[in-house]
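The figures that follow rest on heavy atoms only: side chains count, while hydrogens, waters and symmetry mates do not. Positions are given from 1 along the sequence.
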Amino acid sequence: MNTLMEFIVLANVILSLVVLAVLFIQRVTKQWSSCLFRYQLWFTLPMALLASALWPDNDAFYQVSPVLNSYIAPSIEVLLEAPANTPALAILYSIGATMIAGLMVFQIWQLYRCPNVKSAAPYRVKQQKKSFSPAIFGVIKPTLWLPQDFENNYSTKQKKLILLHEVTHWQSRDPWFNILASIIFLIAWWNPLCWLALKHYQRDQELACDEKVCHQLPREEYSDYATLILEKSSGRNRPLVSQWAQQSLVKERIMNIKNNKLRRGATSLSLVVASVLALSIGAVSQESQTSLEPTSVVHPMYPIEAAKNGIEGFVTFEFDTDDAGRPTNLTVVKASHQDLFQNEAKAAISQWTFSAKGKKSVQYTLEFSLGQ
């Protein structure tokens, strides 16, 4: 359970850094960038998690800094404790994640229970209640959901534009990215920044889709598309699916159509920026994992000669850790007083275990102090 919580905490730190960075980049580039560029910046989240997991774990990235101090009084044990176990927090997290995942699965199950509709389209079409907006979802083949009043309350041109919008979602693989976004959301559901990111991600996805639709239409049809959004963007939305209606975005979507900025280089530029950002945060996250925490200790005795003369000092060790976190190949790389503290320090630390397992050339400094 501790390993799971360590992963959750690290993932939340990485995601928080990414969300703040993406929101900042979006803000400073809003005047000249396209919505597609801003939407694709969200790919940085999974890329940063992947970069952190795959980042090479070599000696250069595993040094203890700042020094973890251990204050030792004469004949008094070191006041070091193993990291606290937090099963209650893990249980709370698991309950919340399970409830959210269950709700998502239930709502998708409700979607697939909708009746099929005969259609000449090359994909399956289902009919849902008219209170829901058109939507598309699928992993291998898409399924399109249309409201009950679609045939009667929409003109031929409006039907064409709505279908073009949903097919564009599918061609952009937005349903796949929505599944990935949901998985990331489950990992960090307790993080307020994750809720903020999900809201912005969904907005940017819809605006980016509008830009791609406009790119496929002659400019004289932009007004028809904007009018359709103004008149028909109503109905409830469902999770995971790429959908037509988001009432809170109507004004922004219409302004986006009017000032369409889709550029051919948007995808390449956004992926370059996302890759650089992900690799940078991946490196930072590896640095954040370089703390060397003892999980069990045998407390060294303060040397009698040093205690009598009021001498304080330190010993810095370099060693490897085996699969159980025990130090091997112990060597002294630095000491304040030659041979004064080394024997006691080495005899004790050789029996310790550390949170870092299977590491090479790690360092740990043990300080001897007569008082705090």
Side-chain angles (χ1 to χ4, degrees), residues 1-3 5-7 9-10 13-14 51-86 279-372:
M1 187 64 76
N2 281 342
T3 302
M5 291 310 297
E6 288 174 5
F7 165 74
V9 170
L10 176 62
V13 171
I14 295 173
S52 175
L54 299 180
W55 195 267
D57 187 14
N58 53 41
D59 300 347
F61 292 102
Y62 205 92
Q63 300 295 325
V64 179
S65 180
V67 172
L68 182 58
N69 298 325
S70 302
Y71 294 97
I72 308 171
S75 302
I76 297 179
E77 294 181 341
V78 185
L79 300 178
L80 280 177
E81 296 182 357
N85 192 7
T86 56
L279 290 173
S280 301
I281 293 178
V284 170
S285 71
Q286 284 299 322
E287 292 287 355
S288 70
Q289 298 181 73
T290 61
S291 61
L292 190 65
E293 298 288 343
T295 56
S296 66
V297 298
V298 173
H299 308 300
M301 299 297 292
Y302 208 104
I304 296 176
E305 180 184 351
K308 286 181 178 179
N309 295 287
I311 300 175
E312 300 179 336
F314 69 90
V315 182
T316 299
F317 294 98
E318 182 172 288
F319 52 90
D320 305 330
T321 58
D322 61 19
D323 293 339
R326 294 184 295 264
T328 60
N329 304 320
L330 269 167
T331 58
V332 176
V333 296
K334 191 175 182 181
S336 58
H337 301 80
Q338 187 174 7
D339 297 330
L340 184 57
F341 297 102
Q342 292 182 26
N343 291 338
E344 295 290 349
K346 188 172 184 178
I349 201 171
S350 62
Q351 302 176 66
W352 291 19
T353 58
F354 291 88
S355 57
K357 301 176 182 179
K359 302 297 181 180
K360 299 291 185 181
S361 302
V362 299
Q363 290 187 6
Y364 187 91
T365 296
L366 186 60
E367 288 194 357
F368 289 76
S369 174
L370 292 169
Q372 295 190 27

Any sub-3.5 Å donor-acceptor pair from Asp322's side-chain atoms to Ala324's backbone N or O? yes

Less than 4.5 Å apart, any side-chain heavy atom of Ser296 and any of Phe354? no

Can you name the side-chain contact (heavy atoms from CB on, under 4.5 Å) partners of Asp323, sequence neighbours left out? none

Any donor-acceptor pair under 3.5 Å from Thr316 side chain to Val333 backbone: no

Glu318 side, atom CD; Gln363 side, atom CD - distance, nearest 0.5 Å: 5.0 Å

For Asp320, all residues meeting salt bridge (Lys or Arg N to Asp or Glu O under 4.0 Å), sequence neighbours excluded: none

Would the distance check show the side chain of Thr353 and the main-chain N or O of Gly325 forming a donor-acceptor pair, the cut-off being under 3.5 Å? no

Can you sort out the partners of Ser336 under side-chain contact (heavy atoms from CB on, under 4.5 Å), two or more places apart, ordered by chain and number? Phe314, Phe341

His337 side, atom NE2; Gln342 side, atom CD - distance, nearest 0.5 Å: 11.5 Å

Would you say that Phe319 contacts Thr331 through its side chain, given a criterion of any heavy-atom pair below 4.5 Å between the two side chains? no

Can you name the residues that form a side-chain contact (heavy atoms from CB on, under 4.5 Å) with Ala348, not counting sequence neighbours? Pro300, Trp352

Taking the side chain as every heavy atom from C-beta outward, state whether Phe317 and Lys346 have any pair of such atoms under 4.5 Å apart. yes

Heavy-atom distance under 4.5 Å between the side chains of Tyr302 and Glu312, does that happen here? yes

State, yes or no, whether a side-chain contact exists between Thr321 and Val362 at a heavy-atom distance under 4.5 Å. yes

